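Keep in mind it's a predicted model, so treat the numbers as computed, not measured. No hydrogens, no waters, no symmetry mates; every other heavy atom, side chains included, goes into these values. Both counts, for ligands and for their atoms, begin at 1 and track the order of listing.
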Amino acid sequence: MPIKLDGLEKVFVQQLKDMYSAENQLLEALPKMAQAATSSKLEQAFRDHLKETQGQVKRLEKIFSSIDYKPGGHRCRAMEGLIEEGKEIIDEQGEPEARDAALICAAQKVEHYEMATYGTLRTYARTLGLDDACELLTETLREERNADSLLTDLAEHSINKLAMLTAS
Ligand SMILES: [Fe+2]
């Protein structure tokens with residue numbers, strides 16, 4: 001059942017549900033991305049973020065219970081599309097180093113999508129006076145930003161160069 005948007009709290013809950021679905025989809029996708037990575041550093045980055053994502057799902061559940069709502073009942077279409085693009089990269093033929101570079105791109109699109117929603121959610125929580133939720137969302141936002149900058153470092157300092165050098 002779609003939620004009726006009759007107040008900021010409802011918008012907050014709707015976007016929380018969106019992220020809950022997004023994170024859960026990511027829990028399934030990250031192991032596949034790790035498996036597809038050739039660089040051991042990239043594989044480790046995906047596995048580390050998988051662990052963080054498990055914690056992020058728990059944080060969302062905490063927020064839901066603190067405001068007496070249940071998670072679920074909504075599927076994030078945007079994450080579905082982003083993950084689908086990741087799958088296309090995994091299935092593509094070609095140089096493994098180039099695939100790593102493309103996987104980083106797919107993962108950073110995911111991180112930016114999450115950062116956008118978590119940033120918005122945190123602003124809602126602040127306006128609604130939900131201090132604990134605000135803190136939990138800030139922690140997750142920090143993790144997403146770190147994951148994103150770690151991927152930028154990996155791309156800049158090794159993977160993009162390797163991909164460039166292996167061009168046939
Ligand atoms: Fe996340």
Of Q56, H74, R59, E114, the residue whose pairing with M19 passes side chain to side chain contact (heavy atoms under 4.5 Å, CB included):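 Among the candidates, only E114 passes.
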Applying side chain to side chain contact (heavy atoms under 4.5 Å, CB included) between Q25 and each of L82, I83, V110, report the one that passes.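 Answer to the side chain to side chain contact (heavy atoms under 4.5 Å, CB included) test with Q25 among L82, I83, V110: I83.
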Can you check the angle at the Fe ion (ligand 1) formed by OE2 of E144 and OE2 of E23? Round it to the nearest 10°.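 Result: 100°, to 10°.
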Please state the angle at the Fe ion (ligand 1) spanned by OE1 of Q56 and OE2 of E114: what is it, rounded to 10 degrees?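 Seen from the Fe ion (ligand 1), OE1 and OE2 are separated by roughly 160°.
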Salt bridge (Lys or Arg N to Asp or Glu O under 4.0 Å) assessment of E43 paired with R47: CA-CA 6 Å; E43 181 184 353; R47 296 209 186 277; 3.1 Å; yes
I104, L162: one ILVMFWY side-chain cluster at the under-4.5 Å cut-off?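 No, no single cluster joins them.
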Within E143, is some N, O or S atom less than 2.8 Å away from the Fe ion (ligand 1)?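 So E143 does not count as coordinating the Fe ion (ligand 1).
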